[in-house]
Amino acid sequence: MLYNLRQELLAGIRAATSDAGYDYEVDQSAIELEDITDEEKGEFSSPISFSIAAAAGAPPVDVAAAIADAHRSNGLPAEVEAVTVEGGHINYHADTTDLADATLSTILRDGSEYGTRTDADPDTILADVSSPNIAKPLHVGHLRNTILSDAVMNILEARGHDVTRDNHLGDWGVQFGNLMHEYTEFGDEATLEDDAIEHLLDLYQQFEQRDSMLADLEDDETVTDQFADAVTEERDYHADSGKEWFTRLEQGDEDATALWERFRTVSIDRFKQTYDDLDVAFDVWNGESFYAQEGWNDVIIEKAIENDVAMRGEGESVYIPVYPDDYENVGDPQAADVDASLDRARQMREANDDLEDADFDPFYIVKSDGSTLYGTRDLATIEYRIEEYDADQSVYVVANEQNQYFQQLFVAARKMGYNDIKLKHIDYGLISLPEGSMSTRKGQIITAREVLDRAQDRAEEIIAEKGRIDDAEAQSVATKIALATIKYEMVAAKRERDTTFDIDESVALEGDTGPYVQYAATRGYSILDGADAAPEIDDLDPSVFNDTDVELLFELARYPLVLERCEERYDAAPLAHYLLQLAHVFNSFYHKNAVLDAENARTERLLLTKATTQIFDNGLGLLGIDVLEEM
RNA sequence: GGGCGCGUAGCUCAGUCCGGACAGAGCGUUCGGCUUCUAACCGAAAUGUCGGGGGUUCGAAUCCCCUCGUGCCCGCCA
């Protein structure tokens, strides 16, 4: 209702401004939603009189009064009771009766659909989500990605779009060649059988640590030349063998493929356990290997050369030049403006002996040894998404350390001629630990498993302390609380922010947490349980509502606006904050007001309670958090 | 050196994109509230040079410039 009212008021202000004799372009920012507790400001307010007054040389109060008068005589929306002018602001006061009636009937009618919308022309959105690398365990960073992705995609679906979640596995690349080398050289069949992921991680870390140690030795000036040469030889032996394995894999070699498939299978089996525990799912698992094995990489390389947007470098290498002025608005199909011509790059290359000095970044799609790299696969993914899905948007939930890479990818994609698709990097901040940043290579990680287990243990402890839940149910309730804790924590900070993940703090169940919201919802259910019959909307008498009731009503009414904001930002944090706020208001509501024993507002407050639990259900549901009847 | 973020209460963070009326929460601190729909709760109090400086504006936490601090990226890895 507030959603429509806002649009109606905007049109009204536009007309009133013009009728009052002012020439001013009224846009969306002219109308603001105010805090319900501030009576003076009303529910919506507009400050446009200040800018008009500044230009017209008249006092803002007079301008505001003139616009308000005009609006009044044109006719205010039915839901608006009065328009007032305070210190130059035009304030619209909603009619509480209408607000109550419209909001409650809408929520109770729409039920689980409340807040969602159907888009007549929905976008087909293909999303890279979760995207762990195989042969490594899931860690806290994957937890943030997976949970944030799930919530954002749920919200985009609620906003009417058609979303396909692609768990874009990192299952291709030279790193797996390295791993095959390490396994054939040092691996152990029995250990692999026993705990595949752990063994593969050990081998991976062994390869990386040896390589970086040898690199340090090479640079060490105190060693003899002869020794340094030996070090280089040793380092190249391993690195070359790894590259060779990957090349064999790309060429479909039987042994390489068999080994790779084995690594991949054990990894996916393990990932699925964690995804099940998190209660998230994906529509497709088109890892990077898919695009390589299905020939999409070749399509890209041919197309790039055919369209004359790529040039050849050393050996077999091929790259797309990216100029510094290509980046602006590159994700937006309407506003992107790239220079696909190779002329500038050719001139720059001639003018500079060294490619490093040229004023463009080469976006490589083929390496000098003829193998592909992640950029090739990402372009292939875009091609595939357009061809197979007719995608309107290709979006990527990937940490912000890859910001620059995605900008380059998008430029390269535009140059390839993918001009009608929206490209969006949904970046999020890195998670660090209290003791410093994480690194899989150094072995400093907290696994997703550890986090889930600790949260579960903590939730079970607290349930035992409260002693309200039967032992039989305690564990499943604890699981839901533990998940609420983790999921809320992972989306509560706005995406862009780096966060420190303190496991002890995030399993605390007080204050600004998922369980706080769950608890409020549970209280709602508990109240509804105490009523003999479900309240009927036809029995609603909005005149009995007091300020506390109206405050809650207002929170309920603005839920759709919150989802709109989430869609705009591709973020779930505004929803998480909203639900927290709703929980606060609802907790105050039932503390201040008796519901079941209300003297003259029992039906009305039951309706409010029912509507509130509905929104907890819907909103927490979008965050992937279950509501509990008891806790 | 270049690029991209971030800097708001002791701590963790909303608000910034689209400038408006006294800058908001949670934790922690102090005080009060469970024979009354679950106290995983509620009420009250204290706490701020919105990193600093300049500019634009009737009006700046919000926009622009400079600066300091901090994180990440700058590989024919992903």
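Chain naming here is simple, since letters A, B, ... match the order of the sequence lines and numbering starts at 1 in each.
- Of the P atoms belonging to B/C42 and B/U38, the separation is 15 Å, rounded to the nearest Å.
- Nearest heavy-atom pair, A/T372 versus A/F246, reported as atom, atom and distance to 0.1 Å: O-CE2, 4.0 Å.
- Spacing of C1' atoms, B/U57 relative to B/G19, comes out at 9 Å, to the nearest Å.
- Counting atom types as modelled, A/H577 pairs no side-chain N or O with a base atom of B/A14 as donor and acceptor under 3.5 Å.
- The A/L580 side chain lies nearest to B/A25 when the options are B/C77, B/A25, B/A39.
- Residue A/S317 comes nearest to A/E314 through the heavy atom pair OG-O, 2.6 Å, listed as atom of the first residue, atom of the second, then distance.
- A/Y405 has its ring centre less than 6.0 Å from the ring centre of A/Y374.
- Ring centroid separation for the pair A/F586 and A/F589 comes in under the 6.0 Å cut-off.
- The residue A/Q518 sits apart from the nucleic acid: no heavy atom pair falls under 4.0 Å.
- Here B/U38 is the nucleotide among B/C42, B/C73, B/U38 with the atom lying nearest to any side-chain atom of A/E630.
- Whole-Å rounding puts the A/Q408 CD to B/C4 P distance at 13 Å.
- Across B/U8 and B/U29, the matching P atoms stand 22 Å from one another, rounded to whole Å.
- Side-chain contact between A/L483 and A/D626: absent, with no pair of heavy atoms (C-beta onward) separated by less than 4.5 Å.
- With B/C41, B/C73, B/G15 as the candidates, the nucleotide lying closest to the side chain of A/R565 is B/G15.
- Relative to the side chain of A/P515, the nucleotides B/A40, B/A21, B/G71 differ in distance, and B/A40 lies closest.
- Rounded to whole Å, the P atom of B/C76 lies 39 Å from the corresponding atom of B/U16.
- For A/R523, taking side-chain heavy atoms from C-beta onward, the closest of the listed nucleotides B/C37, B/A40, B/A21 is B/C37.
- Rounded to a whole angstrom, the distance from the P atom of B/A60 to that of B/G28 is 37 Å.
- A gap of 10 Å separates the P atoms of B/G7 and B/G15, to the nearest Å.
- In terms of polar N and O atoms assigned as donor or acceptor, the side chain of A/Y374 comes within less than 3.5 Å of the base of B/A78 in a complementary pairing.
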